[in-house]
Amino acid sequence: MEQKIAVQIDDLTVAYNYKPVLWDIDLSIPEGVLMAIVGPNGAGKSTLIKSILDLIQPIAGSVKIYGKPYKKQRSLVAYVPQKGSVDWDFPTTALDVVMMGTYGSLGWIKRPGQKEKKASLEALEKVGMLAFKNRQISQLSGGQQQRIFLARALVQNASIYFMDEPFQGVDATTEIAIINILKELRKSGKTVIVVHHDLQTVPEYFDWVTFLNVKKIATGVVKDIFNDDNLTKTYGINYKVSVQQ
Amino acid sequence: MSLQEYIELIFTDYTLRTVTIGTAVLGTICGMLGSFAVLRKQSLLGDAISHAALPGIALAFLLFGELNIFNEFLADMLGKIIGSEQSYAILTFLISNKSFTILIGALCSGIIGTIWIRGITNKTHLKSDTALGLILSLFFGFGMLLLTYIQKQPNANQAGLDGYLFGQAATLLERDVWLMAVILLISFLMLLIFWKELKLLLFDTDYTRTLGFNSKFLDILISTFIVIAIVIGLQTVGVVLMSAMLLAPAAAARQWTNSLSVMVILASGFGALSGVIGTAISASQNNLSTGPVIVLVAAVFVFISFIFSPGRGLLFREIRFRKNRTDLELHKTLSFMYHIASDHENISHPHAIKILNNFRGFTKKSLKQLEHKDYITINGNMWAMTQSGYETASNLYNQLKVDHE
Amino acid sequence: MNSAQIEIQLIASLVAIACAIPGTFLVLRKMALITDAISHSILLGIVIGFFLTNDLSSPLLIPIAALSGILTVILVEFIQKTNLVKEDTAIGLVFPTMFSIGVILIDKKADDVHLDLDAVLVGKIEYAPLNSFIWDGINLGPKALWVIGIIALITIILLFAFFKELKISTFDAGLAAALGLSPVAVHYGLMTVASITTVGAFDAVGAILVIAFMIAPAAIAYLLTNDLIKMLIFSCTFGIVSAISGYWLAHIINASIAGCMTTILGILFLIVYLFAPNKGYFSVLYRQKQQRIEVSLLTLLLHLRNHKDDETERHVKHLNEHINWQQVRAKSVLDLARNNNMIYIQNDIISLTEKGEHFTSEAIDYIISNKNSEIEHMKDRFFLFRG
């Protein structure tokens with residue numbers, strides 16, 4: 001089956017603070033996959049996403065989103081940063097944060113109106129947070145905060161979703177809720193790329209996986225490549241995971 | 001002097017009116033832009049910048065205080081580009097409008113200080129606290145050198161320069177107030193136009209960039225306005241206290257609301273009130289500098305907000321904490337009773353209060369509260385569980401079990 | 001040089017030492033700004049102390065003022081713990097409030113007394129020799145000299161006595177606690193010393209310039225060394241040098257002594273900031289540029305190795321298209337690799353030499369195991385990147 005390529009990365013090298021983080025990464029992510037990026041701490045998983053999103057200037061290499069540079073394809077991309085990257089004591093409500101997802105399509109100066117509000121409420125409902133729409137964000141639990149972030153990305157109505165550790169510090173119910181939404185996104189033809197930590201759940205949640213440790217170890221369908229050999233290559237030690245099929 | 005007399009005085013007395021309006025406008029600007037400084041975790045940047053402005057003030061005075069070789073040379077050089085008539089017109093304007101010239105000087109050296117702070121934190125391993133402290137004290141020291149140098153110059157007209165250390169609200173002129181009002185209007189419009197973008201930047205900078213907004217532009221925009229707010233406040237509250245003027249209204253406002261727009265409006269209000277009340281207090285007393293009084297009024301706002309704000313205030317936090325603790329103790333006592341009562345067929349079988357003694361959470365007060373809630377009945381030194389008490393306790397017990405699983 | 005001049009320089013040098021020692025630890029503990037808070041709030045302590053003793057030269061003023069410094073620290077920490085505002089906001093709220101109360105008290109009560117606010121900010125070291133310490137009818141020299149001398153001496157004694165505790169709790173508070181060294185006690189001890197020093201130095205150099213003497217020498221020293229002992233020695237030296245040369249600068253241009261000392265500190269800092277080996281501005285710029293080239297070279301080598309079998313990927317033109325380098329950089333990197341015998345070019349196809357291959361595979365091993373230091377050794381072994 002010939003699939004369209006959603007994200008094409010060529011020879012990407014990133015040195016963060018001039019220390020090598022990513023080395024000569026070639027990666028094609030086909031459209032419509034739900035992909036996990038796994039690797040040990042400091043393997044450059046977040047860096048990979050950030051350099052795709054043009055947040056970090058690479059030393060070499062290029063990234064194409066549907067064949068064009070990111071700058072021209074912003075409207076196709078949504079991003080869920082790590083939960084810890086923002087100040088949750090910020091004076092704003094859940095609904096307000098979700099509305100931020102509409103700012104990109106609004107552009108400079110224009111204000112969100114009824115249409116944007118309606119879309120944001122729908123997104124809140126999708127993540128099961130409608131009841132909390134007027135809650136100040138610091139009064140939400142970790143899982144709820146993560147759902148708000150997901151809703152903000154959903155509002156962007158993008159084709160490709162990048163998520164940086166969306167399961168970090170969330171409760172079990174939220175984890176299931178999030179993964180169900182991600183699976184739904186994939187069903188509707190969207191591409192979802194997730195930085196993931198829990199190796200046990202990879203086969204259950206994802207259909208594609210990329211092993212990363214500074215350089216790309218392997219990428220492909222979970223069934224084919226999620227094995228002890230690749231895990232050992234990625235994590236360095238003799239890594240055994242009982243792969244449930 | 002009664003309040004009514006004072007209000008009448010504001011309308012009749014030129015100086016008092018100017019100072020009152022001036023401090024109110026200044027307080028509004030500071031509260032508005034200070035909210036952003038506080039939320040950006042740049043509270044002490046204001047302190048550093050206000051100190052760093054001092055050499056700019058002194059240099060502006062030294063170079064453009066009166067006609068001298070230096071500024072005539074500058075005017076000649078500039079004259080070759082834009083024509084000497086215009087160039088000398090600018091020079092005359094600068095010399096005759098001292099407070100404006102000094103403002104520009106303060107602005108320049110404040111911005112240089114800001115840039116150097118960033119340079120130090122970006123390029124060396126010195127941390128931001130060290131960088132702020134360095135710029136603050138080194139610029140200030142250099143400023144003091146210049147000031148004392150000016151003071152020792154023969155026949156230098158140095159009136160008003162001292163005021164910049166502690167502020168001299170009384171020296172405010174009507175045109176200073178107009179300048180402040182114009183800056184207030186511009187900052188207000190700036191916030192109105194870029195409200196959405198600035199909120200986004202404050203909350204989540206990376207996300208702002210992925211959406212295609214130029215975060216560098218927004219950053220420079222808001223920083224520049226904060227520096228401007230500091231610089232125009234120097235004449236009124238002085239170098240030392242300026243940072244408090246910027247922080248206090250915002251810190252107070254933050255306690256009362258969870259919405260950025262309400263916070264900015266409240267902070268502006270607190271700032272304006274501090275200005276008006278502070279001016280009134282210092283005007284009604286002999287020998288009281290305006291700047292410190294304004295700062296103290298703002299500090300009172302902060303104090304009240306810290307203690308009494310319903311959502312975050314310490315008082316209500318303590319009350320909630322106590323209530324939770326009593327509830328917890330009651331529940332513990334109740335579930336202990338539940339275990340005793342459930343051993344009997346008749347749950348309302350009376351038991352001696354004594355048998356509760358080996359349970360620590362129980363007090364006479366908690367028994368009374370349980371009785372008040374109709375969970376138990378007390379008869380002499382015996383207690384018995386009621387039906388509703390039994391049900392509540394068994395619900396609690398089941399909940400606990402679920403929580404643990 | 002007359003004796004007054006010598007006395008002023010001596011006092012200034014002692015101030016420099018007494019400030020540099022606690023300052024070094026404050027800078028290392030990222031608490032430099034607490035000096036800002038302390039130096040302002042002690043005004044309130046001095047005013048209250050003056051009301052209690054009715055004597056501006058009473059020795060009791062020092063402990064009372066130092067107490068207000070410690071009170072500031074406690075207040076700041078209390079506000080920080082409530083989480084109502086961010087950490088730095090707490091500092092920014094406390095000290096201006098205390099300073100304001102101090103100024104208002106002076107306005108209301110002490111106006112007839114000589115408590116000059118300008119002197120509060122910049123001190124009056126000029127007049128220090130005039131205020132002598134007379135005991136039993138004998139003139140024992142300037143009082144300020146005695147005060148700051150004793151403070152400096154105590155600071156040095158405490159430094160020697162608790163050096164180990166200070167060092168461990170500064171670099172690893174957790175370890176210090178585990179060893180039973182009580183980082184909390186060290187913290188408040190340091191704050192007390194900082195407060196007392198500030199009060200003692202306050203008279204000589206004023207509130208804001210105390211900050212300069214605490215932070216600037218330590219910051220200069222920190223740009224030159226990472227060794228704690230060397231840092232302490234350097235910061236004392238820089239403090240003394242700027243104190244003495246500042247005095248002479250003031251003498252020549254007839255300006256505030258304290259202002260001149262700070263200006264000299266500022267100039268010293270600027271020079272070190274720009275030119276310090278390893279950590280200075282230019283040195284960092286140069287190293288970043290150098291590292292960029294080195295990383296680029298490694299990128300190229302790795303790319304070649306990854307595409308051993310694919311000639312199109314190794315075509316010279318490809319570097320411009322895929323690797324996305326501008327022509328200039330691609331060329332300079334290629335030249336560097338060729339000069340070091342890492343690659344050879346045949347019909348515009350780049351290939352690794354044996355040496356290049358060996359080097360690349362070793363580099364990958366080290367990069368993946370995250371041992372950057374090993375790469376430094378490798379570079380020495382294989383070639384000099386400076387090509």
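Values below: all heavy atoms of this structure, side chains included; hydrogens, waters and symmetry mates excluded. Numbered from 1 within each chain, the chains take letters A, B, ... in sequence-line order.
Side-chain atoms of B:His125 come within 3.5 Å of backbone N or O of C:Tyr222 as a donor-acceptor pair.
For C:Asp88, the parts lying under 4.5 angstrom from a heavy atom of chain B are both the backbone and the side chain. Contacts between B:Leu126 and chain C at a heavy-atom distance below 4.5 Å involve the side chain alone, from C-beta outward. Neither the backbone nor the side chain of C:Ile267 comes within less than 4.5 Å of any heavy atom in chain B. With a 4.5 angstrom heavy-atom cutoff, B:Ile120 touches chain C via backbone and side-chain atoms both. With a 4.5 angstrom heavy-atom cutoff, B:Val300 does not touch chain C via any of its atoms. Within the 4.5 angstrom heavy-atom criterion, only side-chain atoms of C:Leu249, from C-beta onward, approach chain B. Within the 4.5 angstrom heavy-atom criterion, atoms from both the backbone and the side chain of B:Lys41 approach chain C. Of the atoms belonging to C:Val27, heavy atoms from both backbone and side chain fall under 4.5 Å from chain B.
In this structure, B:Leu136 CG and C:Leu33 CG are separated by 7.5 Å, a value rounded to the nearest 0.5 Å. Atom CD1 of residue C:Ile104 and atom CG of residue B:Leu288 lie 5.5 Å apart, to the nearest 0.5 angstrom. Rounded to the nearest 0.5 angstrom, B:Leu314 CG and C:Leu84 CG are separated by 5.0 Å. To the nearest 0.5 angstrom, B:Leu145 atom CG is 4.0 Å from C:Cys260 atom SG. Here the OG-CZ distance, from B:Ser243 to C:Phe95, works out to 4.5 Å after rounding to the nearest 0.5 Å.
Taking the six-membered ring where the residue is Trp, B:Trp116 and C:Tyr273 present perpendicular rings, their angle passing 60° and hence far from 30°.
Across every non-hydrogen atom of B:Ser289 and C:Val103, the tightest pair is OG-CG1, 4.1 Å. The minimum heavy-atom distance linking C:Ser100 with B:Leu241 is given by the pair OG-CD2, 3.5 Å.
The number of heavy atoms from other shown groups lying within 6.0 Å of CZ (B:Phe303) does not exceed 12. By the 6.0 Å contact criterion, CZ on C:Phe78 is open, its count of non-hydrogen atoms from other residues, nucleotides or ligands being 12 or less.
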